[in-house]
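All figures in this text were calculated on a predicted structure; none of them were measured in a lab. The sequence lines fix the lettering, A, B, ..., with proteins before strands; numbering per chain opens at 1.
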Protein chains: 2
Amino acid sequence: MPSMKDTITTVAVDLFHRKGYFATSISEIARQCGIQKASIYYHYPSKENILFHIQQVTMEELTAYLRANLDGRTDIEECMGVAVRSHVRFHLDRQKETFIANSELRGLTPEHYLEIVRQRDEYEQIFQRIIREGIAAGVFTAADVKILSYAILTLCNGGAIWFKPRGRMPVDAIAEIYENFVLRGLKVGDLAAAAAGPDPQAAPL
Amino acid sequence: MPSMKDTITTVAVDLFHRKGYFATSISEIARQCGIQKASIYYHYPSKENILFHIQQVTMEELTAYLRANLDGRTDIEECMGVAVRSHVRFHLDRQKETFIANSELRGLTPEHYLEIVRQRDEYEQIFQRIIREGIAAGVFTAADVKILSYAILTLCNGGAIWFKPRGRMPVDAIAEIYENFVLRGLKVGDLAAAAAGPDPQAAPL
DNA sequence: GCCTACCTACCGTCCGGTAGGTAGGCCATT
DNA sequence: AATGGCCTACCTACCGGACGGTAGGTAGGC
């Protein structure tokens, strides 16, 4: 049986995801937990702290999951494939939490905001390292590393927006589509020359 | 000189973008316009209506911009390239509005919500048509059309989140990166077979 | 006897929205 | 040219209600 604090967190995740942080009231969270509003403050010091707690735990677990999946691998392409699949799978499995962690940053205090941004940077840097190594090894097409990393991550986050757990697509099928799309987009090959149309070689700018 | 209604709209766009719809109050909009709160209601019937107006105008102009750019073109690859560039450019030029149109749907009344979703569907269908034709013509790799369109659009929306108008990258450079990435991700080629690394076909695990 | 996990009752603040008033420009009639 | 009336674009003052949060109390288990 889950503790009341866990129940509060679960209910808050659901409401923040469905209605947004600012549109969700403490009273409503309490009501869905079957307790009074004041009792929330026994478990959490403030509304903002519930939000922060959700985001922090989510970011920690997201990063840990990626690290565990990458552990021991060295092949660059394999790393990127694993990273994309790991990212997509986590975002589909933990749809509500990741959505909150991506879109409700504005509800945080300045200090907590900085902390979450720091954790996110750390996570992004794992992807950037893989891209950088891939370009250095001549496996990936040269382009701005940060922009590529943002592109890949936003792309995969997208899944969490429209994905319906009971829909026609299983999680792994989606992860595979994204993996293929990303790897094809990154890898060097003579496709680029034909793709750019009028101007022959897309300069790395 | 802009009318007061235009000023209100501009201020609202800025605040909704910076703080979010629910975290923005009518009083604050009024203050930044240099008028009293009640005067807002001379120009708009409700707070929600300001949000709806912003979203509707944005979606209309976004679609019109895409249609104008595609006008007369028939080559499929070219169409997709143009569509991506058009989408990215609009999202970077009208960063605040598109961000609001993408993330503040929950502030709308049910009727207005349906209306915006309808407009968005219409826009997405333009991309889906290009993808479908590309697959039929054997130019693009076969995959789920809806998922591909969502992937492309989310990917390009991403730019509007981190893009800074005064940053080091000009709009067209970003648009080109995205265009190349998308086209390389879509096009057929023998890369896919080689991409999976050790095991020939990435098992869905 | 004390700590945990709740409760009831209440606080001040701010919210979206409304009622009703008014200054000043425009316009038709005399 | 002067008058009267109406419309535009604001204003002040206020409403009920919901908000996040607090004070203080209490039942029951260790």
Side-chain angles (χ1 to χ4, degrees), chain A residues 1-56 100 103-113 115-116, chain B residues 1-56 100 103-113 115-116:
Chain A
M1 191 186 133
S3 70
M4 183 51 79
K5 178 157 184 172
D6 290 343
T7 305
I8 292 170
T9 312
T10 307
V11 168
V13 163
D14 186 61
L15 285 172
F16 290 170
H17 173 248
R18 253 185 23 235
K19 314 181 57 177
Y21 173 71
F22 286 105
T24 300
S25 71
I26 292 282
S27 333
E28 195 169 357
I29 296 172
R31 202 180 314 129
Q32 291 208 17
C33 292
I35 58 174
Q36 289 300 312
K37 186 176 69 165
S39 307
I40 298 282
Y41 290 89
Y42 175 78
H43 301 280
Y44 279 108
S46 68
K47 184 187 176 188
E48 187 268 349
N49 204 269
I50 304 179
L51 179 64
F52 176 60
H53 181 250
I54 293 169
Q55 300 206 6
Q56 200 181 30
I100 293 168
S103 61
E104 296 289 6
L105 278 283
R106 289 180 298 206
L108 297 169
T109 62
E111 301 76 36
H112 288 164
Y113 173 82
E115 169 62 16
I116 298 298
Chain B
M1 191 187 131
S3 69
M4 181 55 75
K5 179 157 185 172
D6 290 344
T7 305
I8 292 170
T9 314
T10 307
V11 168
V13 163
D14 186 63
L15 285 172
F16 290 170
H17 174 248
R18 254 186 21 235
K19 314 182 57 178
Y21 173 71
F22 287 105
T24 300
S25 71
I26 291 282
S27 332
E28 196 170 355
I29 296 173
R31 202 180 313 128
Q32 290 208 18
C33 292
I35 58 174
Q36 289 300 311
K37 186 176 69 164
S39 306
I40 298 281
Y41 290 89
Y42 175 77
H43 301 281
Y44 279 107
S46 69
K47 185 187 177 187
E48 187 267 350
N49 204 267
I50 304 180
L51 178 65
F52 176 59
H53 181 250
I54 292 169
Q55 300 206 8
Q56 199 181 30
I100 295 168
S103 60
E104 296 290 7
L105 277 283
R106 290 179 298 206
L108 297 169
T109 63
E111 299 78 33
H112 288 164
Y113 174 82
E115 169 61 17
I116 298 296

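A/Gln55 contributes atom CD, which lies 4.5 Å from atom CG of A/Leu108 (distance to the nearest 0.5 angstrom). One distance of note links CD of B/Glu48 with OH of B/Tyr113; it measures 13.5 Å at 0.5 Å rounding. To the nearest 0.5 angstrom, A/Lys5 atom NZ is 9.0 Å from A/Ile50 atom CD1.
For A/Tyr42, no side-chain nitrogen or oxygen approaches OP1 or OP2 of C/dC6 to under 4.0 Å. An OP1 or OP2 oxygen of D/dC10 is reached within less than 4.0 angstrom by a side-chain nitrogen or oxygen of B/His43.
B/Val11 and B/Ile29 get closest at one heavy-atom pair: CG1-O, 3.8 Å. Residues B/His43 and B/Ile8 approach most closely at CD2-CD1, 3.6 Å, considering heavy atoms.
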Summary of protein contacts for nucleotides 13-30 of chain D, nucleotide by nucleotide, where a base hit scores B, a sugar-phosphate-only hit scores S (4.0 Å, heavy atoms): ------SBBBB-------
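To the nearest angstrom, C1' of D/dT8 lies 13 Å from CD1 of B/Ile35. At whole-Å resolution of the value, CD in B/Gln36 and P in D/dC11 are 5 Å apart. Counting to the nearest Å, the C1' atom of C/dT4 and the NZ atom of A/Lys5 are 14 Å from each other.
Remark: nothing in residues 8-19 of chain B comes within less than 4.0 Å of DNA chain C through any heavy atom.
In this structure, D/dT26 and C/dA5 make a Watson-Crick or G-U wobble pair, each of the two defining distances being under 3.5 angstrom.
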Audit row: B/Arg106, A/Glu104, salt bridge (Lys or Arg N to Asp or Glu O under 4.0 Å) steps and yes/no: CA-CA 13 Å; B/Arg106 290 179 298 206; A/Glu104 296 289 6; 3.6 Å; yes
Pair A/Ser103-A/Tyr21, side-chain hydrogen bond (donor to acceptor under 3.5 Å, both in side chains): steps then yes or no: CA-CA 10 Å; A/Ser103 61; A/Tyr21 173 71; over 6 Å; no
Sequence neighbours excluded and cut-off under 3.5 Å, please list the side-chain donor-acceptor pairs for residues 31-41 of chain A, or say none.
none

